[in-house]
Colleague: 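I have a structure here, written as structure tokens, and I will follow up with some questions on it.
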Protein chains: 2
Amino acid sequence: MMSAQGSPVRQSSVRAHNLALVLQTVANSPDPISRAAVATVTGLTRATVSALVDDLVTGGLLTEREPAPRTGAGRPAVGLAVAPDGPAGLGLEINVDYRGACVVDLAGTVRHRLVEPGDQRLAGPQEALAGLGRLAARARALAEADGLTVAGAVLAVPGLVTAGGVVRIAPNLGWQDVVVGELPGGPAMTVDNEANLAALGELDVGDLPRDFVYVSGEIGIGAGIVLDGALYRGSRGWSGEIGHIPIDPDGPACRCGARGCLEQYAGQEAVLRAAGSDTVAALAIAAAAGQAAALDALTAAGAALGTAVATVVNLLDVRTIVLGGCYASLLPWLRDGIAAEAGRRVLTAAWSPVQLRAATLGPDAAMLGAAGSVLRGVLDDPARWLSRPRP
Amino acid sequence: MMSAQGSPVRQSSVRAHNLALVLQTVANSPDPISRAAVATVTGLTRATVSALVDDLVTGGLLTEREPAPRTGAGRPAVGLAVAPDGPAGLGLEINVDYRGACVVDLAGTVRHRLVEPGDQRLAGPQEALAGLGRLAARARALAEADGLTVAGAVLAVPGLVTAGGVVRIAPNLGWQDVVVGELPGGPAMTVDNEANLAALGELDVGDLPRDFVYVSGEIGIGAGIVLDGALYRGSRGWSGEIGHIPIDPDGPACRCGARGCLEQYAGQEAVLRAAGSDTVAALAIAAAAGQAAALDALTAAGAALGTAVATVVNLLDVRTIVLGGCYASLLPWLRDGIAAEAGRRVLTAAWSPVQLRAATLGPDAAMLGAAGSVLRGVLDDPARWLSRPRP
DNA sequence: TCAAATAATTCAACCAATAAACAAATCAGC
DNA sequence: GCTGATTTGTTTATTGGTTGAATTATTTGA
């Protein structure tokens, strides 16, 4: 009778857990919140909350603010809010036609955003990474000028990433087995897939359920799978390769070597070619104008996407699909095609139809999600941040 | 900046966790294990382990046994093993052509197994459930005669089950919205999907990784998805409906209303019809004899299965697929077809090919998994069992 | 001005794990 | 057969953390 093996728990783990609980409660509250309110929300004692808050305030994660507007008698509460000068997340991205960096603070506000357009395929991995390093250094300097401490950096790339921070293959960048090193003089950096991080970004800002799949329509098609409020990366971090779900086993050849992959029906290039448009923006304009070629192309893409969505929903039983990348702006014309095919093929569609939503973050989703995932690390384990080695 | 909300942790939670850790360590050990060994394995102190073991022994979950054969000097150890007369799991199953019950103890040994063949479609839900109740009562009596206490019961059915214990639809039983009530006079019973429970059964006994997908080939095709050592049920419990993954959008009509579902290519009925065999056993004999019709049918089914497997692996990045139900015995002739198609379509196949394994538990997998899931509940939270209300 | 109400802190009590000392039981060597 | 080494298991004092009750602080309303 096997069961999952864990590690021993000591009292300090209790404190670490409750510290995170208090911090997250404050962070999730839209307004400054009192210690007493935190106590009732979390179920902890007021005494305990006071002790934990003391640690968080002296550690620079929380600050006392003006209390929320009073009501009734009694001693006025002292408001608690996340510190605006505490840790910050550095989100980085290298994509086909730009590279970027952003700084987000614990409150979730974007403090800085730097984007350099330019074809990264021509630049090659060395030059792209060097340029990214310069961008990251600038962003870090801006953050420190604000009094922020960069807690970590995460880089989003459109490709398969291994645990060790190696980009196995990023077809649309032309990268293969690229070792992403350290940020020169910077904080620790990890690398992750663009769609995964974009899904986290949408989870951070959106009103989304605990289970959803984010589908990213870029040059390739990727997906970020969020199960139970956490990203599912797969055993090797290569989950969500939705672009190569077979739609028709005898369909057109794909550059992955197989036939009939989704990318050949609903990938950006295939749709633009079928519609006769040059850019996604032009396609949206053509569709809005009612041009038949555009509408037909989008209907066909929607049907293929709907078939893939049906597969995902039948397999994972997620209720919500978030469409991002170029699909976000095209969703008005894709929606019917997706919904029709999914409604026909999802076994449970009759009782519980699939919800389709457009992503809200736009092209910065992955970069913002990358920064957010750094902050999530602090929110999930503030004890580590409090006891970090300091210069 | 949202993050998952938890509940407060007190000291008693620490004890509950460590209690589970010690119990699982003993349960996972093939031989009786000493307190000192448990301490080194878990990382807890010998003193702590002694205290926790005392609780578990007086609570009837562990017993002291003859120590394992000695080695070297020193005071001889006292062996610890899971109690053979502690809690037991009652596993129940209603399937197309039989109903069954089994009693499994904490050590994982099957203490009793009762199976009544008979077409449950003809019987109808009321009669099937009444018969199951009688079977469960007999199994429970046998367990109590052994000194076991039945800790709970889980029923496996081939269909979609909602959280409230209602069978939404079980097409092959002909059930629809069947409310599975209480077991008369028995322990609490929950209902779950057959493939899910079979996956748990294989996880319990097999040498399997923490992530795998169990594919069950019965009249329908279902899948149990195990991620990170735990069953993934989906937000409503309807995950794993692999049988209706589209293989060819213009394929034959399926009884689900769509076209070209996997079930139409690799379902038991489709394969037997194509091969001209009456039963799975006859098909296996024909294939072993090299009959062309049988081999062709299995090759075609393997290709369809391989396409579906490729979809699953591209999406979830699981390395291992366990084939159960009728596929277990037919795997020798399915393997090449599955491997070829999966190798072509899985994006990461070149670096890390998909591992195909035959299930080891045979037709009882779901029933045993059902019993095992009861015991898993005790192993995961022994504190609840120790403080249970007693008659 | 005083009582009621609410917020936050202080302090003793309790619970659980730890570390270290101690008791128990065996083996190995002479 | 005795002695010392060795390993197991228990005992005891200590530490870290939460709780609950009492206390202090600060405001509103009569």
Side-chain angles (χ1 to χ4, degrees), chain A residues 6-22 26 29 31-58 62-80 382-383 386-387, chain B residues 6-22 25-26 29 31-58 62 64-80 382-383 386-387:
Chain A
S7 43
V9 164
R10 46 203 90 256
Q11 270 107 325
S12 61
S13 331
V14 173
R15 192 164 185 82
H17 179 105
N18 288 338
L19 222 38
L21 184 62
V22 168
V26 176
S29 166
D31 300 312
I33 182 174
S34 71
R35 292 166 169 80
V38 171
T40 56
V41 167
T42 58
L44 293 164
T45 319
R46 284 195 310 236
T48 307
V49 170
S50 274
L52 294 168
V53 165
D54 276 356
D55 275 18
L56 292 169
V57 168
T58 60
L62 293 182
T63 47
E64 302 196 333
R65 317 213 125 227
E66 282 307 295
R70 288 302 321 286
T71 163
R75 172 174 168 176
V78 178
L80 294 170
L386 294 182
S387 66
Chain B
S7 43
V9 165
R10 47 203 88 257
Q11 272 102 330
S12 60
S13 329
V14 173
R15 192 164 186 83
H17 179 106
N18 287 337
L19 221 38
L21 184 63
V22 168
T25 304
V26 175
S29 166
D31 300 311
I33 183 174
S34 72
R35 290 167 170 79
V38 171
T40 56
V41 168
T42 58
L44 294 163
T45 319
R46 286 199 310 251
T48 306
V49 171
S50 275
L52 294 169
V53 165
D54 276 357
D55 275 17
L56 292 169
V57 169
T58 59
L62 293 182
E64 301 196 333
R65 319 211 124 227
E66 283 307 295
R70 288 302 321 287
T71 162
R75 170 175 168 175
V78 178
L80 295 169
L386 295 181
S387 68

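Chain letters run A, B, ... following the sequence lines, proteins first, then strands; residues in each count from 1.
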Colleague: If you take all heavy atoms of A:Ala77 and A:Ser34, which pair is closest and at what distance?
Modeller: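 Heavy atoms of A:Ala77 and A:Ser34 come nearest at CB-CB, 3.4 Å.
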
Colleague: Nucleotide by nucleotide, 5' to 3', does protein get under 4.0 Å of the base (B), only the sugar-phosphate (S), or neither (-) in nucleotides 15-22 of chain D, counting heavy atoms?
Modeller: -BBSBB--

Colleague: May I ask you to say what A:Val49 touches in the nucleic acid, namely base, sugar-phosphate or nothing, with a heavy-atom cut-off under 4.0 Å?
Modeller: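 Nothing, no heavy atom under 4.0 Å.
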
Colleague: Reckon B:Ser34 touches a base, only the sugar-phosphate, or nothing at all at heavy-atom distances under 4.0 Å?
Modeller: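 Contact class for B:Ser34: sugar-phosphate only.
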
Colleague: Looking at OG of A:Ser50 and CG of A:Asp55, how far apart are the two atoms once the value is rounded to the nearest 0.5 Å?
Modeller: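 With rounding to 0.5 Å, OG (A:Ser50) is 11.5 Å from CG (A:Asp55).
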
Colleague: Please find the pair of heavy atoms, one from A:Ser29 and one from A:Ile33, that lie closest to each other, and give the distance.
Modeller: OG-CB, 3.8 Å

Colleague: Whole Å only: how far is the CZ atom of A:Arg75 from the P atom of D:dG29?
Modeller: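 The answer, rounded to whole Å, is 19 Å.
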
Colleague: Does A:His17 reach the main-chain N or O of B:Arg10 with its side chain, forming a donor-acceptor pair under 3.5 Å?
Modeller: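 Checking the backbone N and O of B:Arg10 against the side chain of A:His17, no donor-acceptor pair under 3.5 Å is found.
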
Colleague: Nearest 0.5 Å, please: how far is OG1 in A:Thr48 from CG in A:Leu19?
Modeller: 12.0 Å

Colleague: What integer distance in Å separates B:Leu62:CG from D:dG9:P?
Modeller: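 Between P of D:dG9 and CG of B:Leu62: 13 Å.
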
Colleague: Does the side chain of B:Leu21 come within less than 4.5 Å of A:Pro8's, by heavy atoms?
Modeller: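 Yes. Closest side-chain heavy atoms under 4.5 Å.
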
Colleague: Identify which nucleotide among D:dT27, C:dA8, D:dG9 has an atom closest to any side-chain atom of A:Pro76, counting heavy atoms from C-beta outward.
Modeller: D:dT27

